[in-house]
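Sequence lines set the chain letters: A, B, ... in the order given, protein chains first and strands last, and positions in each chain run from 1.
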2 protein chains.
Amino acid sequence: MLSNASKYAIRSVLFLAKNSSKENKYGAKSISDELEIPLHFIAKLLQQLVKANVISSSKGPRGGFYTTTNDLNNNVCTILDEIEAGDVFEPCFMGLPQCGDENPCPVHHIVAPFKEAILEKFKHQSIADFAIEIKEDGTFLSLKGIDKK
Amino acid sequence: MLSNASKYAIRSVLFLAKNSSKENKYGAKSISDELEIPLHFIAKLLQQLVKANVISSSKGPRGGFYTTTNDLNNNVCTILDEIEAGDVFEPCFMGLPQCGDENPCPVHHIVAPFKEAILEKFKHQSIADFAIEIKEDGTFLSLKGIDKK
DNA sequence: GCATATAAAGATAATTTAGTCTTTTATTTA
DNA sequence: TAAATAAAAGACTAAATTATCTTTATATGC
Ligand code: SF4
Ligand code: SF4
């Protein structure tokens, strides 16, 4: 449903939203390390996001990527619009073009509410809100160092 | 989330479940036409599914693909296991490896119930049940010929 | 100003997924 | 038994995605 590129981009932006500031920037290298994302891949994505005004950056020593309070007004859909070609959720589960409530596939009644919920969140919740939620709920952007089995 | 291959395979099997029988077989060509799936692509998938005993086939004139009552006892997960490499739903939305209820990402509380619902259906509802549901609910496997705008 | 750190840009390579084509084998029907 | 039909098998091509590498531009601090 989401490409690696999108997943990487979302996690990176949320990471910056949670941790960065004008005074506290993160280089591509540290983001790559922290979130376990291929360095050159995430670097390119971050550059794209800077151009799209989703995040900010500065070059040189002590430079890096960060988010301003203005950046934080964006939402996740802004990220997806930038990274992903078309609409992420269409065509969806059964691969029918232009289906929907009128022409449902056999799993539409399960998929549709989910799509609506996730889209609502991605469209109407700002990155800032996400950052707050992440801090409050203690949700994860990376599982680096966490015991997996 | 699902590859084209999986989507094609599921739709084809459900199509056969709804329409075919030992006496009423469908060639790769007619399935390709009916569901608007590339001919040689679906042919290969159908052969795979025959080998995996998900559907049946016979060669020669009046031959083709069909489902037996025994075939219909399979479920959608059987199809996915055959077509897809690993587990379709892992890693999922945020691309975190081995996450879950204990280590939730920021959208886990939306994604998890959906994953559970769709997996429940794919695992515990037989292809036969699906066919009945499709007939009763009039859900779609193809939108060929239906007005799209 | 010079050395250094870092983003920016973009070329290139690898991998995976998707799709096509050709040949062979089995089955049916006439 | 011959001709026709359709699946089986597998080689091949194309496209998209993922990932890497190299070079250039810019800001910082000494
Ligand atoms: S009918 Fe609904 S669930 Fe099925 S493919 Fe279309 S939008 Fe997705
Ligand atoms: S935490 Fe839940 S929703 Fe998020 S990636 Fe893991 S399983 Fe998917």
Side-chain angles (χ1 to χ4, degrees), chain A residues 1-13 16 20 22-33 35-67 71 80 82-86 88 91 95, chain B residues 1-12 16 20 22-67 71 80 82-86 88 91 95:
Chain A
M1 199 166 267
L2 294 184
S3 64
N4 279 4
S6 295
K7 292 174 185 173
Y8 293 163
I10 294 173
R11 285 166 60 209
S12 298
V13 172
L16 289 174
S20 80
K22 180 111 188 174
E23 293 73 40
N24 191 23
K25 296 164 195 150
Y26 288 83
K29 181 72 170 62
S30 64
I31 294 173
S32 159
D33 283 346
L35 303 184
E36 296 184 292
I37 299 173
L39 172 57
H40 298 284
F41 199 158
I42 195 56
K44 221 177 45 176
L45 292 173
L46 291 169
Q47 286 163 27
Q48 251 184 286
L49 294 171
V50 168
K51 263 204 290 194
N53 296 308
V54 176
I55 59 176
S56 305
S57 73
S58 87
K59 295 181 180 179
R62 296 198 48 87
F65 300 93
Y66 61 100
T67 45
D71 292 334
L80 294 179
E82 193 54 34
I83 304 295
E84 212 83 17
V88 178
Chain B
M1 201 167 264
L2 295 184
S3 64
N4 279 5
S6 295
K7 292 174 184 172
Y8 293 163
I10 294 173
R11 284 166 62 210
S12 298
L16 288 174
S20 80
K22 180 113 190 174
E23 291 74 39
N24 190 23
K25 295 164 194 150
Y26 287 83
K29 181 73 170 61
S30 64
I31 294 174
S32 159
D33 284 346
E34 199 60 44
L35 303 184
E36 296 185 292
I37 298 172
L39 171 57
H40 298 283
F41 199 160
I42 195 57
K44 221 177 44 175
L45 292 172
L46 291 168
Q47 286 165 27
Q48 249 185 288
L49 294 171
V50 169
K51 264 204 288 195
N53 296 307
V54 177
I55 58 176
S56 305
S57 73
S58 87
K59 294 181 181 180
R62 295 195 50 86
F65 299 93
Y66 61 99
T67 45
D71 292 335
L80 293 179
E82 193 54 34
I83 304 296
E84 211 82 18
V88 177

Between residues 38-47 of chain B and DNA chain C, which residues have a heavy-atom gap below 4.0 Å?
-> B:P38, B:H40, B:F41, B:K44
CZ/B:R11 to CD/B:E36 distance, rounded to the nearest 0.5 angstrom?
-> 8.0 Å
Residue met sooner reading DNA chain D from 5', once A:Y8 and B:G60 are mapped to nucleotides = B:G60
Of all nucleotides in DNA chain D with an atom under 4.0 Å from a non-hydrogen atom of chain B, which is the first and which the last going 5' to 3'?
-> D:dA4 to D:dA9
Which value, rounded to the nearest 0.5 Å, describes the distance between A:I31 atom CD1 and A:I37 atom CD1?
-> 8.0 Å
First and last nucleotide of DNA chain C, 5' to 3', lying under 4.0 Å from heavy atoms of chain B = C:dA18 to C:dT29
Chi angles and distances behind the side chain to side chain contact (heavy atoms under 4.5 Å, CB included) call for A:L2, A:L80 | CA-CA 9 Å; A:L2 294 184; A:L80 294 179; 4.1 Å; yes
Which value, rounded to the nearest 0.5 Å, describes the distance between A:I10 atom CD1 and A:I83 atom CD1?
-> 9.0 Å
In chain order, what residues pass the ring-ring contact (aromatic ring centres under 6.0 Å, His included) check against B:Y8, with sequence neighbours excluded?
-> B:F41
The ring-ring contact (aromatic ring centres under 6.0 Å, His included) partners of B:Y26 (sequence neighbours excluded) come to B:F15
Hey, what do you get for NZ (B:K22) to OG (B:S58), rounding to the nearest 0.5 Å?
-> 7.5 Å
From CA spacing to verdict: side chain to side chain contact (heavy atoms under 4.5 Å, CB included), B:F65, B:V50 = CA-CA 8 Å; B:F65 299 93; B:V50 169; 3.8 Å; yes
For residues 41-66 of chain B, which residue pairs qualify under salt bridge (Lys or Arg N to Asp or Glu O under 4.0 Å), counting only residues two or more places apart or in two chains?
-> none
What distance do A:E82 atom CD and A:L45 atom CG have between them, rounded to the nearest 0.5 Å?
-> 10.5 Å
Hey, which of these two, B:K59 or B:A85, hits DNA chain C nearer its 5' end, going by closest nucleotide?
-> B:A85
Considering heavy-atom distances to DNA chain D, does A:N4 or B:Y26 have its closest nucleotide positioned more toward the 5' end?
-> B:Y26
